[in-house]
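So you know, we letter chains A, B, ... as the sequences are listed, proteins then strands, and number each from 1.
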Protein chains: 2
Amino acid sequence: MGKLSEGDTKTLILDAAEQAFAELGFDAASLRRIISVAGVNLAAIHYHYGSKEALIEAVFARRVGPVNQARLERLDAIERRAGQGVLPLEEVIEALVGPALRLARDSAKGPVVMRLYGRTVAEPGEHLQKMLSHQFGGVVKRFATALQRAVPELPRDALYWRMQFIIGAMGHLICDPQRLKLISGGLCDPSDPNTAIRQLVAFLAAGMRAPLPSKRKEAPRKR
Amino acid sequence: MGKLSEGDTKTLILDAAEQAFAELGFDAASLRRIISVAGVNLAAIHYHYGSKEALIEAVFARRVGPVNQARLERLDAIERRAGQGVLPLEEVIEALVGPALRLARDSAKGPVVMRLYGRTVAEPGEHLQKMLSHQFGGVVKRFATALQRAVPELPRDALYWRMQFIIGAMGHLICDPQRLKLISGGLCDPSDPNTAIRQLVAFLAAGMRAPLPSKRKEAPRKR
DNA sequence: GTCTATAAGGAGATAGAC
DNA sequence: GTCTATCTCCTTATAGAC
């Protein structure tokens, strides 16, 4: 556990698996492809991890753990500064989306890691979804109460709707940055985390402060 | 093409495939599982569709075509009413997200269809992504110019960033409605399209109108 | 810990009778 | 158009030598 050796077989597998999962998806990335990139033997995966499912979980946990820890630490600092008062909305949102978007810069892997991270949300499969709930359940709860403290007048149902929108906007940006570059004709550069965070926080904060939708009907329907 | 027979083998396959893809994902849903639900023979899939890839495309096109047509028709009506003036932002956004969210109500399948529709955005695979660009390219371009006309003072780079956020929030809501019910403790009901649309439009319109993010401190500048 | 060899099964696709 | 039977390939996983 305390080993640091870089040529470690266990780590070689983890790195190659991460890249393959990000590039091809969990199903399409076979263990055989992973070992060919890692330069290790097929049996080594089962020796070190036991199964493909366990490998997926290990790949995921290595990145998600630090991100969620950073989120909670930043939220702690915000709450400490605010005392009993209202929390600053932009800072709370930045604490939620910033660490995830900055993951691209922290890792030498760059955008590859981001795709993996964002993709898991959309992927089906009981095992993955259980893992997600386990990894993110606490973070979601903490940020739900923090956002409530940042926008106290917002009813609770609207709060949860809007949290879902935040998660969706963040996830899509993380998962599929290339599409933004494409549709903008190269005008936007999603690989720059600072610009991404600034744009995202401004948009989401305004959304959180939006006046409540009227119960009224929608626009006239064409038939 | 003009056939209406409901027990049609071709349609039975399409229905079963849609459900299986939505439930399990494109990779995990095997043709053998699809035929067992449809009650048809394995060879029938290849006779009617040729390959699994072509089947995926057929499943997708059946739903996306009408949705995109509805989007463009509503946008046409909005632009006709507005003449040369500024477009009403809420209505443009509603034209974009409404038809997709209402898909759940129009189809007897309900939420199943929604999951399929939203999931495809996040899925990897060259073939799927090419198909997406082909199916949605025109719609994205039309709505980009429409949104620009609705928020004329917004710089073009911010416009594309925010469009990406819109697509993400909408897609996540469509793809994974159950998570909202879960994290809200049953307070929010994502299966009610009208509430979902109202909440989503209010949030996104406010986001589109957000002041531009500053580079470092509070100094929102306009172009 | 790492290797070879192989097990055991599921996948998509097809040929040819009816 | 529909069926049975089968082909070929690739997957995860394991047993056992070194």
Side-chain angles (χ1 to χ4, degrees), chain A residues 1-60 116 120 123-128 130-131, chain B residues 1-60 116 120 123-128 130-131:
Chain A
M1 284 297 243
K3 286 286 170 32
L4 279 195
S5 42
E6 316 226 331
D8 209 332
T9 297
K10 213 170 162 178
T11 309
L12 283 174
I13 293 172
L14 216 55
D15 290 340
E18 177 172 83
Q19 180 171 359
F21 290 150
E23 227 167 273
L24 306 168
F26 296 113
D27 275 323
S30 70
L31 298 184
R32 289 184 144 81
R33 189 191 175 101
I34 291 170
I35 61 162
S36 86
V37 171
V40 303
N41 189 274
L42 174 60
I45 288 186
H46 292 93
Y47 176 81
H48 287 288
Y49 293 99
S51 71
K52 186 180 185 180
E53 267 198 357
L55 175 62
I56 291 175
E57 197 155 344
V59 165
F60 199 73
L116 165 75
T120 314
E123 201 113 351
E126 204 176 330
H127 171 249
L128 275 183
K130 286 242 152 116
M131 189 181 72
Chain B
M1 280 302 238
K3 286 288 171 31
L4 278 196
S5 42
E6 315 228 333
D8 208 331
T9 297
K10 215 170 162 178
T11 309
L12 283 174
I13 293 172
L14 216 55
D15 289 340
E18 176 171 83
Q19 181 171 359
F21 289 151
E23 226 168 275
L24 306 167
F26 295 113
D27 275 323
S30 69
L31 298 185
R32 290 181 154 82
R33 188 191 174 102
I34 292 171
I35 61 160
S36 87
V37 171
V40 304
N41 189 273
L42 174 59
I45 287 187
H46 292 94
Y47 176 80
H48 286 287
Y49 293 99
S51 71
K52 186 179 185 180
E53 268 198 356
L55 175 61
I56 291 175
E57 198 155 341
V59 166
F60 198 73
L116 166 74
T120 314
E123 202 114 352
E126 203 177 329
H127 170 250
L128 275 183
K130 287 240 154 125
M131 188 182 74

Margin query: I want to check something: taking the side chain as every heavy atom from C-beta on, are B:L128 and B:M131 in contact at a cut-off of under 4.5 Å?
Written below: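 Sidechains of B:M131 and B:L128: in contact.
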
Note to self: Quick one, A:L14 and A:Y49 - any side-chain contact, counting heavy atoms below 4.5 Å?
What the structure shows: yes

Notebook entry, point to check: Does the side chain of B:S30 get closer than 4.0 angstrom to OP1 or OP2 of C:dA11 through an N or O atom?
Noted result: yes

Check: Between A:T9 and C:dT2, is there a side-chain N or O to OP1/OP2 distance below 4.0 Å?
Finding: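 So the side chain of A:T9 is within the cut-off, an N or O lying under 4.0 Å from OP1 or OP2 of C:dT2.
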
Next item on the list: Please work out if B:A43 contacts a base, only the sugar-phosphate, or nothing of the nucleic acid, heavy-atom cut-off 4.0 Å.
Entry: base

Next item on the list: Quick one: label A:L42 by what it contacts on the DNA or RNA (base, sugar-phosphate, nothing), any heavy atom closer than 4.0 Å.
Entry: base

Mind calculating the distance between [atom1] ([X]) and [atom2] ([N]) to the nearest angstrom?
X	N	atom1	atom2	answer
B:H127	C:dG12	NE2	P	15 Å
A:L24	D:dC10	CG	P	15 Å
B:Y49	C:dG12	OH	P	16 Å
B:I35	C:dA13	CD1	C1'	13 Å
B:H48	C:dT14	NE2	C1'	16 Å
B:H46	D:dG1	NE2	P	18 Å
B:I13	C:dA13	CD1	P	13 Å
B:I45	C:dT14	CD1	P	13 Å

Note to self: Can you work out whether B:G39 or A:G50 has the more 5'-proximal nearest nucleotide on DNA chain D?
What the structure shows: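 Of the two residues, B:G39 wins.
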
Item checked: DNA chain D: 5'-proximal contact among B:V40 and A:F26 (nearest heavy atom) ->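 Closest to the 5' end, via its nearest nucleotide, is B:V40.
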
To the side chain of [X], which of [options] is closest?
X	options	answer
B:K52	C:dG12, D:dT4, C:dC3	C:dG12
A:N41	C:dT4, D:dC3, C:dT2	C:dT4
B:Y47	D:dG1, C:dT14, D:dT6	D:dG1

Next item on the list: Indicate the atoms forming the closest heavy-atom contact of B:I13 with B:I34, along with that distance.
Entry: O-CG2, 4.1 Å

Next item on the list: Please report the closest heavy-atom contact between B:A20 and B:A29, naming both atoms and the distance.
Entry: O-CB, 3.7 Å

Checklist line | Under 3.5 Å: donor-acceptor pair, side chain of B:K52, backbone of B:F26 | finding: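 Answer holds: yes.
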
Note to self: At less than 3.5 Å, do the side-chain atoms of B:R32 and the base atoms of C:dG10 form a donor-acceptor pair?
What the structure shows: no

